[in-house]
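Contents: one structure, followed by commentary.
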Amino acid sequence: MNNHVTIHNVSFAFPEKKDSPVLANVSLQVQQGEFVSLIGSSGSGKSTLFKLLAGLLEPTVGTIDIADVPHGQRLGRVAYMPQKDLLLSWRTVMENCLLPAELAPGRQDKDKLRADIIAGLARFGLSGYEQAYPDELSGGMRQRVALLRTLLTGGQLMLLDEPFGALDALTKREMHRWLLELWEGIGQTVLFITHDIEEALLLSDRIILLTPGGQGQQLRDMTVPLPRPRHSDMIYEPALVQMRQQLEEQLHAKR
Ligand code: ADP
Ligand code: MG
């Protein structure tokens with residue numbers, strides 16, 4: 001297997017908080033086609049790590065390498081769904097979904113993209129909302145539009161920052177099924193941030209737990225012992241129940 005993402009000894013501090021780095025000495029490798037979830041308490045630096053991977057921020061120390069992406073040119077080449085959906089309020093759902101193609105003209109055929117958007121909206125339960133504006137949608141609907149937009153950018157590496165946080169349990173389960181089907185079909189590499197341990201177990205090959213420590217984060221790495229394809233009943237399997245307890249304890253352990 002080939003590494004898709006190699007994070008080597010990365011540290012990062014915001015310029016105004018030079019003395020308290022958000023990330024310190026983080027190293028992580030993700031293989032081509034792997035589905036990896038990041039969990040960790042609020043403020044542990046998960047979203048910052050994604051911004052570094054997406055090229056919106058540069059590490060203070062260390063290196064990030066992504067296969068097939070020239071060094072230092074990550075911005076725009078990685079499919080990134082930020083935690084805040086960032087839909088533009090003055091553009092319709094369709095116009096929002098077309099935005100990445102407009103920012104990188106020539107990479108995608110616009111008619112095909114339009115057709116894919118319409119099909120995707122139908123699949124996400126949003127048929128007929130092409131001309132709606134973000135303000136007319138619920139939080140969960142906005143998240144689905146933002147996810148669709150990210151999926152359709154066509155990047156081989158996908159960063160999804162709490163993409164299902166605003167969804168009710170039933171919709172979430174449908175989205176899980178849909179995302180897994182899609183991922184099993186195209187084999188993109190997915191990095192996925194969530195607070196939902198059950199979700200992380202059900203979706204991922206591997207779970208990385210970020211815990212703040214004295215010298216920056218400690219990363220604990222766990223492989224999910226479930227075969228594929230996955231289905232939602234698997235969370236009741238004894239091995240999983242045990243792993244879930246472990247994760248919960250570590251996540252809520254006193255720092
Ligand atoms: P998480 O996603 O794990 O909840 P974040 O990566 O969003 O954590 O934040 C990690 C830390 O960095 C927090 O202490 C947060 O307050 C700080 N932080 C996040 N964004 C900024 C910013 N733009 N400027 C300064 N500090 C920030
Ligand atoms: Mg976050």
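Only this structure's heavy atoms are used, side chains among them; waters, hydrogens and symmetry mates stay out. Every number for a ligand or one of its atoms is a count from 1 in the order of the listing.
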Problem - Ion pair Arg114/Glu130, N-O distance below 4.0 Å - result: no

Practice task
Could you name the protein residues that come within less than 4.0 Å of ligand 1, counting only heavy atoms, and order them by chain and residue number?
Solution key: Phe14, Glu16, Lys17, Val22, Ser41, Ser42, Gly43, Ser44, Gly45, Lys46, Ser47, Thr48

Looking only at the side chains, is there a donor atom on one of [X] and [Y] sitting less than 3.5 Å from an acceptor on the other?
{"X": "Thr194", "Y": "Glu199", "value": "yes"}
{"X": "Glu34", "Y": "Thr189", "value": "no"}
{"X": "Asn2", "Y": "Gln32", "value": "no"}

Practice task
Measure the spacing between CE of Met222 and CD of Gln250 and express it to the nearest 0.5 Å.
Solution key: 4.5 Å

Practice task
Taking the side chain as every heavy atom from C-beta outward, state whether Ile117 and Met94 have any pair of such atoms under 4.5 Å apart.
Solution key: yes

Completion exercise
Counting only protein N, O or S atoms and ignoring waters, those under 2.8 Å from the Mg ion (ligand 2) are Ser47 OG, Gln83 OE1

For residues 49-67, tabulate all N or O donor-acceptor pairs below 3.5 Å that involve a side-chain atom, not counting sequence neighbours.
{"unit_1": "Glu58", "atom_1": "OE2", "unit_2": "Arg74", "atom_2": "NH2", "d": "3.3"}
{"unit_1": "Thr60", "atom_1": "OG1", "unit_2": "Ala13", "atom_2": "N", "d": "3.0"}
{"unit_1": "Asp65", "atom_1": "OD1", "unit_2": "His71", "atom_2": "ND1", "d": "3.1"}

Exercise for the section: Would you mind listing the cluster partners of Trp90? Hydrophobic ones only (ILVMFWY), side-chain contacts under 4.5 Å, chaining allowed. Expected result: Leu88, Leu99, Leu103

Practice task
Run the numbers on Leu98 and Leu113 for side-chain contact (heavy atoms from CB on, under 4.5 Å), then give the verdict.
Solution key: CA-CA 8 Å; Leu98 288 168; Leu113 184 58; 3.8 Å; yes

